[in-house]
Amino acid sequence: MTDNSSTLGESLRRQGVTRRGFLKFCTATASMLALPAGMAPAVAAALEKARRPSVIWLSFQECTGCTESLTRSHAPTVENLLFDYISLDYHHTLQAASGAAAEAAREKAMHDNAGKYLLVVDGSIPLGHPGYSTIAGISNLQMLQETAAGAAAVIAVGTCAAFGGLPKAAPNPTGAVSVSDIITDKPIINVSGCPPIPSVITGVLAHYLTFDTLPELDQYGRPMAFFGTSIHDRCYRRPFYDKGLFAETFDDEGARKGWCLYKLGCKGPMAYNACATMKWNQGTSWPVESGHGCLGCSEPSFWDAGGFYKALSIPTGDISRTVGIAGAAGLAIGAAAVGLNRAAKSRAKQQHGTVTVDDLEKTS
Amino acid sequence: MIEPMDFLLWVRGTAFDVSLGIFVIGVVVRFFEIFSLGRAANFAEPRGTEFGPGMRTILTRNIPEAGTFKRQPLTVIAGYVFHIGLLISLFFFVPHIQLFAATFGFGWPGLPTPIVDAAAVLGIAGLLAVLWNRLTNPVMKLLSDKEDYLVWVLTFLPLLTGYLAYHRMVDPYPLILGLHILSIEFFLILFPFTKLMHTFTLFLARWYNGAMHGRRGVES
Amino acid sequence: MSTATLERGLNALREQIDAPVAAFFSSCVNCGMCAEACLFYTETGDPKYTPIRKLEPMRRIWEQEYTIVGKLKKLIGLAEPVTDEMLEQWQELIYASCTLCGRCSLVCPVGNDIAFMVRKVREGMVASGNAPPDVQSAAIRAVKIGSPMGIRLKALQAQIKHIEADTGLKIPVDVEGADYLALLSSMEVINFPEYIESLAKIFKQAGVSWTLCSEAFEATNTGIQIGSTDIARELVQRVVDGAEKLKVKYIISPECGHAYTAIRWDGPNLIGRPFPFKVVHILELLDELRASGRISTKDLSGECVTFHDPCSIVRKGGVIDSPRHLMNMVSTNFVEMPDHGKWNWCCGGGGGVSANTDAEELRTRVFRRKKSQLEESGATTLVTACANCRLVIEEGLEEYNMEFPVTGLTEMLAEHLVIEED
Amino acid sequence: MNVLDDINIPVDPSGALSGETGNALILLQEIAHAMRHLLETGESRTLDLLAIPFGPTDEDRLLSELGQGEVSATLNALGESRVWESRYSGVWVVEHRNLDGQRVAFQIEITRMPEILCAHSADIESGLKRLNETLITGRQGFTSENPQEEP
């Protein structure tokens, strides 16, 4: 499977891809990387010489949604991705091999490409007990540490790998953590989302392939090209937010007219992702366009960030209950304060010595 | 690495509950403290009533006496500007209304964000003018103590952080949003124990003033 | 014998603090607007005269004794105590530079009744021995002799005899069952006996049954001025006893500001029960006589006159329209001063300030406010309804070399009264 | 399932899901600017429409505004691509689809001739090579069924 001897350009030409086809391919790649549109020739020059990296894909506590998302990646097609872009040497869901043969493939790739292969991880790692999640009898923690040791970089795909995700949500029964909680000595790119936008996964790979460097990352280790602006700021419904026009329920006039979904719990203002421009399902639509607020799935702890249908500004606790309890406590403490003040004042009244004109001068 | 988000969740969760709790307890206790001191019965034959004039004064004190305004226009104008800016930003920004709706069970229509934005700028400008006035006007300079400046900061920070958060001038957004909420939590916690209480007690004070004058037949 | 001590003073402040005071202190944001309403600030520009600042001793006691935070602060040593030195320093602010005129109470944006609180602080000042010596002496004279100016009954009797001889009018004294008991201020007895004459003249014409009381003729109440409920009670009790003995239906408060406050608004509360009689101000009574057609005037002059509203009668007393009706009875050319009625500026001598020699210089300085008000009015004669205002204004005018006759409203009315001989 | 069937799902018959951001107008202004730039300097500009947040109706609005001009072309290279000149000469719409027919790039080019339409030296070389082979072998006919056959 591994063939690192030829460059991408040679490989494509061997397949009879014309220069026009290659240019088109590069245009698509540049667009996917959110590069300025005029950058396609530069991308072409870089891709011409790029070599296919070996990729090892590890899946831990996950739902395979990230892989599902990737296999629906439309630009370029998964076939292209698998056979032209990268050499996917281990992916226990997609690979044909199983059992000992599969593990052998992983070990061979690690050995052959030591220090050069890319490690892709989806799923979080349970620290509560090694037996919570194992592959071929190896705990997730051990496999991650082993495999990351020789990797050039780690790409944490999906919110579980990037931030802990659903397994880490309170009460976090397995003691789940993110990749970056364990691996600290390798470059890590977080491609968060539940699942991530497929083009973003391939885009990150393409970036690595094109420029042989890691993309510029944000505070959370996410590529700025895709996570640089919030959903809210790129949302086509934003003008309604600014005008103060909101859907109040999912089936009201406002909802039909496509007004802002803030009041219905849209987490767009705090969610950074590219959904608003890249969209889903071959660019067909995305959650807000289909009438549902953003869940903020690309953000750390989004499962615990209050109800999905509660507006972002509403605190996560039960405020009415807090007000009720505090009010009752206030009444109790207030009653005590009344007692103290009454006592103090009646003491002052008792101590009152009648003032007569003989008392006007100070005691000296 | 993920501190800003954890921070935001904390200020929206535990911290908000705690500060709201302290706020409610404090305000209730303060009112009890005030009422506990009582008011002696008044045996003098009244010329007018108390209730109506008291309510009237609650309204009329919103407008300054002309002569006083002429002598101290900055205090009045800056005071108006900042209060109006603050109140519009607080009560007519949709995310805020959502919070009130979640607390009280009812909401009201918000204003378009450009208007709220302008109000916030006015509020900030007004507060800066108020501070300048406090630092330069001889009367205010003499009167002001640490608490006055503390209260100024407590009022200014929510406006400033709110403005920064809305315009995403600080990265990442959860950090500045968290700071905004945190600044409000400081405001809530200290509210009952500082002169921020005037927000509520001024109605009481005005009523007492109007009632005491009204009883003597004077519109105050 | 008990004497004034700091502890008694602080205790008095504790006693005085009530719910309105707590609401007022809770609401103050130190905006300084009250300064602009106070002539001691506007005329001197000295911020120390800012009204709300005068209350600092009581504010501290309120915070430290009646709020949880204040108690905590006190516990950890953060509270600033009220010391005797502080109160001594505050004497000027509480007495010499506050006439209790109540103008600040009308402008405070949060509604603080500051004058109401200054009056309360005076209780603490008295109990701690920090009242000004002159005001103390006046109080001693009032209690021991019967009048703050040291006037005894004999002096009044002499004046009565004199008036009766001059005019042939009868001044009734100690008439049991009379409708009205007229009170007088010492100043009227000594400086303006025309007031007594005018009463006799008007009441005779209107057929009002009235009397003076030999045991209770003094209307002024130094207890109110110095700020001692106990002394004020003692003085008010004398009036109540006199009125009850003569079984009058009404007491007439004379042309004196604080006397009206003392008998009309504070009196029943001082003795702790409603009065069995009513209290009217002389202007209220005259206005009533006017309205019912029992008195009328003639030969009105066209001279431009204006009216100085005594703070205690107008802003703090509610007698606002009556003087205006009466002014139009005595003049065809009555004009108002720029700020008038409840917005009038104090003469600068109320609240015991005129009795305080320590305040003399300051009082003269702040008189400029009244001076410019008078000049702006365009009037050439000033009418008022308070003997104290009248004296203070006359002194002020003299100080600034202004020729400006000042007269009492009752007196002026009597001059123009239509007398119908039987 | 019967319970679910009872739930009424209202369908808006007008289908008027509004969603205009006003971005179409902004883009037109940007295009006008790029046209002036092309005339003055001869430099081309490309606008990537996939990078611009569009509401459901924005794209239709923009395309109907641009309209159809004199030239249109269809390419077959790693999937179909469509290139057409708008009714504003020099303003081209370029839409690339992959072999699965999915749109992979969507651009407006403000240029005299989109780069993608030009024949490239490498392709001309390889074409020439193939033509020579044909001439040398003297074959009378050749198939054009698969222009991408192994060289």
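Numbered from 1 within each chain, the chains take letters A, B, ... in sequence-line order.
For C:Arg103, the part lying under 4.5 angstrom from a heavy atom of chain B is the side chain only. Contact annotation for B:Pro46: only backbone heavy atoms (N, CA, C, O) come within less than 4.5 Å of a heavy atom of chain C. Interface residue C:Leu106: backbone and side-chain heavy atoms are both found under 4.5 Å from chain B. Of the two parts of B:Val29, only the side chain, counted from C-beta on, holds a non-hydrogen atom closer than 4.5 Å to a non-hydrogen atom of chain C. Of the atoms belonging to B:Ala41, it is backbone heavy atoms, and not side-chain ones, that fall under 4.5 Å from chain C. Only the backbone of C:Arg273 comes within contact range of chain B, judged by heavy atoms closer than 4.5 Å. Using a 4.5 Å cut-off between heavy atoms, C:Phe116 touches chain B through its side chain atoms alone. Heavy atoms closer than 4.5 Å to chain C are found in the side chain of B:Thr75, but not in its backbone. For C:Val319, the parts sitting under 4.5 Å from any heavy atom of chain B are the backbone and the side chain alike. Both the backbone and the side chain of C:Ile68 come within contact range of chain B, judged by heavy atoms closer than 4.5 Å. Both the backbone and the side chain of C:Arg264 come within contact range of chain B, each with at least one heavy atom under 4.5 Å from a heavy atom of that chain. For chain B, the nearby part of C:Tyr41 is the side chain; its heavy atoms alone come within less than 4.5 Å. Proximity to chain C is limited to the side chain of B:Asp148, based on heavy atoms less than 4.5 angstrom apart.
The main-chain N or O of B:Thr201 is never found under 3.5 Å from a side-chain atom of C:Ser26 such that the two would form a donor-acceptor pair. Side chain of C:Asn269 to backbone of B:Phe43: a donor-acceptor contact under 3.5 angstrom is found.
Separating the CD1 atom in B:Ile34 from the CH2 atom in C:Trp62 is a distance of 7.0 Å, to the nearest 0.5 Å. The distance from the CZ atom of B:Arg216 to the OG atom of C:Ser312 is 8.5 Å, given to the nearest 0.5 Å. If you take CG on B:Leu142 and OG1 on C:Thr50, they are separated by 6.5 Å, rounding to the nearest 0.5 Å. Distance CD/B:Glu65 to CG/C:Asp339: 6.0 Å, rounded to 0.5 Å. Rounding to the nearest 0.5 Å places CG of B:Asn209 at 5.0 Å from CG of C:Asp113. Annotation: the span from B:Glu45 atom CD to C:Trp265 atom CH2 amounts to 8.0 Å, rounded to 0.5 Å.
Residue B:Trp152 places its CH2 atom among more than 12 non-hydrogen atoms of other residues, nucleotides or ligands, all under 6.0 Å distant. Within 6.0 Å of the CZ atom in B:Phe51, the count of heavy atoms belonging to other residues, nucleotides or ligands does not exceed 12.
By the 4.5 Å heavy-atom criterion applied to side chains, B:Val218 and C:Lys316 are not counted as neighbours. At least one side-chain heavy atom of B:Val76 sits under 4.5 Å from a side-chain heavy atom of C:Met33. Counting heavy atoms from C-beta outward, B:Arg61 and C:Cys108 have side chains that approach closer than 4.5 Å. Counting only heavy atoms from C-beta outward, the side chains of B:Met212 and C:Ser105 never approach each other to under 4.5 Å.
Per-residue heavy-atom pair counts under 4.5 Å with chain B were compared for C:Ala35, C:Ala37, C:Cys31, and the maximum is reached by C:Cys31. The greatest number of non-hydrogen atom pairs below 4.5 Å with chain C, out of B:Lys141, B:Arg39, B:Arg30, B:Arg134, is found for B:Arg134. Taking chain C as the reference chain and counting heavy-atom pairs below 4.5 Å, the highest number among B:Thr68, B:Asp145, B:Leu202, B:Leu143 is found for B:Leu143. Chain C forms the most heavy-atom pairs under 4.5 Å with one residue out of B:Gln72, B:Met197, B:Lys70, and that residue is B:Gln72.
Nearest heavy atom pair, residue B:Gly38 against residue C:Pro20, reads O-CD, 4.0 Å. The minimum heavy-atom distance linking B:Ala205 with C:Ala23 is given by the pair CB-O, 4.0 Å. Contact record, B:His198 with C:Ser27: CB-O, 3.1 Å, taken as the closest heavy-atom pair. Closest of all the heavy-atom pairs between B:Lys195 and C:Asn30 is NZ-ND2, 3.2 Å.
No side-chain donor from either of C:Thr42 and B:Arg71 sits under 3.5 Å from a side-chain acceptor of the other.
Electrostatic pairing of C:Glu284 and B:Arg47 counts as a salt bridge here, judged by a charged N lying under 4.0 Å from a carboxylate O.
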